[in-house]
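Ligands are counted one by one from 1 in listed order, and the atoms in each one are counted from 1 as well. In this text the structure is predicted, and so the values were computed from the model without any measurement.
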Amino acid sequence: MPSARLLVLFGSQTGTAQDVSERLGREARRRQLSCRVQALDSYPVVNLINEPLVIFVCATTGQGDPPDNMKSFWRFIFRRSLPSTALCQMDFAVLGLGDSSYAKFNFVAKKLHRRLLQLGGSALLPVCLGDDQHELGPDAAIDPWLQDLWEKVLGPHSVPLNLDLSPPGVPWPSRFILQFLTDTPSSGPEELCVAGTDPQGPPSELQPFLAPMVSNQRVTGPSHFQDVRLIEFDISGSGISFSAGDVVLIQPENTASHVQQFCQALGLDPEQHFTLQPREPGVACPARLPRPCSMHCLVSQYLDIASVPRRSFFELLACLSPHELEREKLREFGSARGQEELCEYCTRPRRTALEVLCDFPHTAAAVPPDYLLDLVPPIRPRAFSIASSLRAHPARLQILVAVVQYQTRLREPRRGLCSSWLASLDPARGPVRVPLWVRPGGLTFPKTPDVPVIMVGPGTGVAPFRAAIQERVAQGETENVLFFGCRRRDQDFYWEAEWKQLQARGCLTLVTAFSREQEQKVYVQHRLREFGPLVWELLEGRGAHFYLAGNAKYMPADVSNTLLFIFREEGGLSGPDAATYLARLQRTLRFQTETWA
Ligand SMILES: Cc1cc2nc3c(=O)[nH]c(=O)nc-3n(C[C@H](O)[C@H](O)[C@H](O)COP(=O)(O)OP(=O)(O)OC[C@H]3O[C@@H](n4cnc5c(N)ncnc54)[C@H](O)[C@@H]3O)c2cc1C
Ligand SMILES: NC(=O)c1ccc[n+]([C@@H]2O[C@H](COP(=O)([O-])OP(=O)(O)OC[C@H]3O[C@@H](n4cnc5c(N)ncnc54)[C@H](OP(=O)(O)O)[C@@H]3O)[C@@H](O)[C@H]2O)c1
Ligand SMILES: Cc1cc2nc3c(=O)[nH]c(=O)nc-3n(C[C@H](O)[C@H](O)[C@H](O)COP(=O)(O)O)c2cc1C
């Protein structure tokens, strides 16, 4: 009987690393290994020196940044004071989740692997580089890596050869038991736990503020393909405060028709109330859920039925399926050999969990309610850069939201959950309240007076810069240079009148790039290059700060390359010196970015 004690620690922004970690936990338990799975920041990091065997599962987010739930760990592990023997008792392996279209591919996993070696840890395996860009997704790298891992951990012969990870009809135990109430509670309308009139501290994920929506205005032309909304909330009495660069988190909910379809497919009564009971001691119930909770509340506000399901969803469904044909198909999708087919069926066309359940009706109807929270992940809050300053709009918070909608080979268009939900809310038709809270963002603006700022924000990337410009102008800071890019001036030139007014007052230098008004694309980086002498003079001569926000894909690398060009052309630096100059700007926080996919 293997006796190793395994610890799996994850850092996850959108749930993939957590899902992979839970899979690792299940596979370990099936191999009779004792195994704990925890988010890195919920693990007492000083105990690491006593751990014999740790698997780190880490995503990379932002531009090579660690996810929020491993930020404290990240700061700790890179402390200079840690001795080089600190982890010499520990065997470890690092599994990274990333996307090779980003410049810093799997940066966090690679850097962590190096650091653990520096601290004396022994690597069982080379770092695993999961890649979203692979046809089969991260599993293409994870599957063979896990096989090697189990061999290393258990030795080649101690793994039962005919081990079946998802035997039919034998699911792993559900994490919770749903205890149904016989009577419906008579209290008023049910809501997720939200900040009351006298909240303890500012609103947070556990206690969001239900902010009244004041307005929801489309700011792109009626014929433009992209729907973008300027949305304003009233935050009076919420205890919320923010500065330019901060981010608001919004907890969206599923559409009524999806909730109804889901309840119908699974045979759930939306009116039925229940309480949750963890199956194992030490497992906490989701703090966001009211107690008791109705099925309607669970499905509409908690379960992410519109997300694209991961492989573990199919593994579990296969175990729960009473229908032979459906079970076989589901088992295939949950197995290593079925990944190409799963990608074709689900990942590539972005089929949702709800749509899959409707495709497997016998299985859906047989899902025991106890398994709902194992099967469907919770709805994640979405971040939006705050687009207004409290100095210009007291007690108000504004955001600029691009409504996500796109077509795949499926007939029904794919719609982003949060942006579509926000767009559907109309305060003119009756009061609307949205659960939200605020956290510091990745951009901080200079506190010292008279420091110029250069901001590059194409599309909705301009949002945090509107907050910054409003805040700076209110403080008498007039050296603001904004590079803004959009498709056409008459379609998606956000806040045109406001910028023009500020220009006329001498508070703003605005440089625009209209990408689709001529044959050749004109992007912000092209205009930046034209303004190279000004950019160099402000950075080198005036100590300016440089900011970049918007689409995470290609724009950040394109803009960084243009900066390197400017440093060479205008500053006369060599290629390596230009790179060092840019790295120094980054290190001293004079070059900051906030980008999203
Ligand atoms: C720090 C930060 C600040 C942000 N600020 C803003 C902001 O100011 N304004 C703003 O609009 N957004 C902003 N975002 C993005 C925002 O958080 C959401 O990701 C965005 O609104 C989409 O969420 P959704 O729920 O509508 O879509 P989801 O349901 O989450 O769907 C989005 C997903 O759909 C897929 N997808 C999208 N388009 C396509 C396509 N064409 N083809 C294939 N797949 C596709 C991608 O996987 C994408 O991740 C920010 C994000 C971060 C991290
Ligand atoms: N995941 C993706 O790859 C992707 C790509 C685009 C948009 N989107 C989504 O589309 C929505 C709208 O986004 P948005 O309002 O922020 O606008 P955006 O799509 O980022 O576009 C804003 C402007 O940036 C231009 N642009 C395109 N590629 C660029 C590059 N490499 N460098 C500099 N500029 C570039 C666009 O030009 P052209 O469009 O004329 O090329 C447009 O004029 C969001 O939901 C976003 O997530 C996603
Ligand atoms: C906004 C954003 C930024 C990202 N930045 C990077 C990056 O810099 N490097 C990288 O390798 N992958 C990057 N990725 C890809 C993620 O690491 C990948 O999707 C991963 O599977 C997410 O894991 P998670 O769901 O556990 O957070 C980014 C993804 C998003 C949405």
Side-chain angles (χ1 to χ4, degrees), residues 10-21 57-65 67-69 96-110 129-133 137-138 220 226-229 247-250 252 304 306-308 310 348-350 352 379-387 399-408 414-423 439 441-443 456-464 484-488 492 494 513-516 521-526 549-559 562 594-597:
F10 62 85
S12 182
Q13 194 68 25
T14 58
T16 318
Q18 179 168 358
D19 189 67
V20 171
S21 302
V57 183
C58 300
T60 297
T61 190
Q63 296 298 305
D65 303 318
D68 288 341
N69 66 359
L97 289 148
D99 180 330
S100 56
S101 70
Y102 284 91
K104 293 187 172 177
F105 174 49
N106 260 311
F107 186 75
V108 169
K110 291 176 188 167
L129 302 178
D131 185 1
D132 287 358
Q133 290 299 312
T220 42
Q226 177 71 57
D227 182 355
V228 175
R229 302 301 179 104
V247 157
V248 63
L249 286 125
I250 291 186
D304 200 355
S307 60
V308 178
R310 300 189 173 94
R348 207 170 293 135
R350 315 291 298 164
T352 66
I379 299 177
R380 289 176 294 107
R382 303 319 198 248
F384 295 90
S385 295
I386 298 176
I399 53 175
L400 188 67
V401 180
V403 182
V404 172
Q405 182 173 336
Y406 57 98
Q407 200 74 45
T408 66
R414 307 291 92 190
R415 293 189 169 86
L417 178 70
C418 187
S419 56
S420 307
W421 175 66
L422 284 171
R439 71 158 160 79
L443 305 177
V456 178
T460 46
V462 74
F484 172 69
C486 65
R487 272 90 189 199
R488 295 177 185 279
D492 53 348
Y494 315 128
F514 301 111
S515 59
R516 301 194 186 181
K521 293 273 185 192
V522 175
Y523 288 156
V524 279
Q525 58 270 28
H526 302 131
N551 202 302
K553 272 281 147 92
Y554 305 110
M555 186 270 295
D558 291 348
V559 170
T562 305
E594 181 88 283
T595 55
W596 53 86

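- Closest to atom 11 (O) of ligand 1 among all protein heavy atoms lies Ala402 N, 2.9 Å.
- For ligand 3, residues of the protein lying within 4.0 angstrom by heavy-atom distance are Ser12, Gln13, Thr14, Gly15, Thr16, Ala17, Ala59, Thr60, Thr61, Gly62, Gln63, Gly64, Leu97, Gly98, Asp99, Tyr102, Lys104, Phe105, Asn106, Asp132, Trp596, Ala597.
- Of the protein's non-hydrogen atoms, the one nearest atom 42 (N) of ligand 1 is Tyr406 CD1, 3.4 Å.
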Check ligand 2 for close polar pairs with the protein: N or O on both sides, less than 3.5 Å.
residue	atom	partner	partner atom	Å
ligand 2	8 (N)	Asn551	ND2	3.3
ligand 2	15 (O)	Thr460	N	3.3
ligand 2	16 (O)	Thr460	N	3.1
ligand 2	16 (O)	Thr460	OG1	2.7
ligand 2	19 (O)	Arg487	NH2	2.9
ligand 2	21 (O)	Arg487	NH2	3.4
ligand 2	31 (N)	Asp558	OD2	3.0
ligand 2	32 (N)	Gln525	OE1	3.4
ligand 2	32 (N)	Gln525	NE2	3.0
ligand 2	37 (O)	Ser515	OG	3.1
ligand 2	39 (O)	Arg487	NE	2.9
ligand 2	39 (O)	Arg487	NH2	3.0
ligand 2	39 (O)	Arg516	NH2	2.7
ligand 2	40 (O)	Ser515	OG	2.7
ligand 2	40 (O)	Arg516	NE	2.6
ligand 2	40 (O)	Arg516	NH2	3.4
ligand 2	40 (O)	Lys521	NZ	2.8
ligand 2	41 (O)	Lys521	NZ	3.2
ligand 2	41 (O)	Tyr523	OH	2.5
ligand 2	43 (O)	Cys486	O	3.1
ligand 2	43 (O)	Ser515	OG	2.8

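- Taking CZ of Arg488 as the reference point, atom OG1 of Thr220 lies at 13.5 Å (rounded to 0.5 Å).
- For atom 40 (C) of ligand 1, the nearest protein heavy atom is under 4.0 Å away.
- Between the CD atom in Gln525 and the CG atom in Asp558 there is a gap of 4.5 Å [rounded to 0.5 Å].
- Protein heavy atom closest to atom 19 (O) of ligand 1, with residue, atom name and distance, is Ala597 O, 4.4 Å.
- Shortest contact from atom 14 (N) of ligand 1 to any protein heavy atom: Ala383 O, 3.3 Å.
- For Val404, no nitrogen or oxygen atom sits less than 3.5 Å from a nitrogen or oxygen atom of ligand 1, counting backbone and side chain alike.
- Remark: ligand 1 atoms within the under-4.0 Å shell around heavy atoms of Leu417 are 24 (P), 25 (O), 26 (O), 27 (O), 28 (P), 29 (O).
- Remark: side-chain polar atoms of Thr352 are not paired, donor with acceptor, to backbone N or O of Ala306 under 3.5 angstrom.
- Annotation for Cys418 and Phe384: closest pair SG-CE1, 3.8 Å, computed over non-hydrogen atoms.
- A distance of 7.5 Å separates OH in Tyr406 from CZ in Arg414, rounded to the nearest 0.5 Å.
- Ligand 1 has a nitrogen or oxygen under 3.5 angstrom from a nitrogen or oxygen of Leu400.
- A donor-acceptor pair under 3.5 Å is absent between the side-chain atoms of Gln13 and the main chain of Thr60, judged by distance alone.
- Close approach to Arg350 involves these atoms of ligand 1, each under 4.0 Å from a residue heavy atom: 47 (O).
- Distance from atom 26 (O) of ligand 1 to its nearest protein heavy atom, with residue and atom name: Ser419 OG, 2.5 Å.
- Here the straight-line distance linking atom CZ of Phe105 with atom CG of Asp131 works out to 4.0 Å at 0.5 Å rounding.
- Of the possible donor and acceptor atoms, one in the side chain of Asn106 sits under 3.5 Å from a partner among the backbone N and O of Leu97.
- Although no hydrogens or angles enter the test, the distance criterion places a donor-acceptor pair under 3.5 Å between the side chain of Glu594 and the main chain of Gly442.
- Less than 4.0 angstrom separates some heavy atom of Arg382 from each of these atoms of ligand 1: 17 (O), 23 (O), 24 (P), 25 (O), 28 (P), 29 (O), 30 (O).
- Side-chain atoms of Thr595 and Gln63 include a donor-acceptor pair closer than 3.5 Å.
- By the 4.0 Å heavy-atom criterion, Val401 is counted among the residues contacting ligand 1.
- Between Ser420 and ligand 1, no N or O atom pair is found at a separation short of 3.5 Å.
- Here the CZ-NZ distance, from Arg487 to Lys521, works out to 7.5 Å after rounding to the nearest 0.5 Å.
- Atoms CG and CD1, on Leu400 and Ile386 in that order, are 13.0 Å from each other to the nearest 0.5 Å.
- Contacts of Phe514 classified as ring pair (Phe, Tyr, Trp, His ring centres under 6.0 Å), with partners at least two apart in sequence or in another chain: Phe493.
- Panel note: side chain Arg229, backbone Asp227; no donor-acceptor pair is recorded below 3.5 Å.
- Of the protein's heavy atoms, at least one falls inside 4.0 Å of atom 35 (C) of ligand 1.
- The minimum heavy-atom distance linking Val247 with Gly441 is given by the pair CG2-CA, 3.9 Å.
- Neither the backbone nor the side chain of Arg414 has any atom closer than 4.0 Å to an atom of ligand 1 (non-hydrogen atoms only).
- For Thr16 and Arg310, the side-chain atoms include at least one donor-acceptor pair closer than 3.5 Å.
- The ring pair (Phe, Tyr, Trp, His ring centres under 6.0 Å) search around Tyr523 returns His526, not counting sequence neighbours.
- The protein non-hydrogen atom at the shortest distance from atom 3 (C) of ligand 1 is Trp596 CE3, 3.4 Å.
- Between Ala402 and Ser419, the closest heavy-atom pair is O-CB, 3.5 Å.
- Across all their heavy atoms, Gly416 and Ser420 have their closest contact at O-OG, 2.5 Å.
- Among all protein heavy atoms, the one lying closest to atom 5 (N) of ligand 1 is Ser385 N, 3.1 Å.
- Among protein heavy atoms, the minimum distance from atom 31 (O) of ligand 1 is reached at Gly416 CA, 4.0 Å.
- Contact annotation for atom 29 (O) of ligand 1: protein present (non-hydrogen atoms, distance under 4.0 Å).
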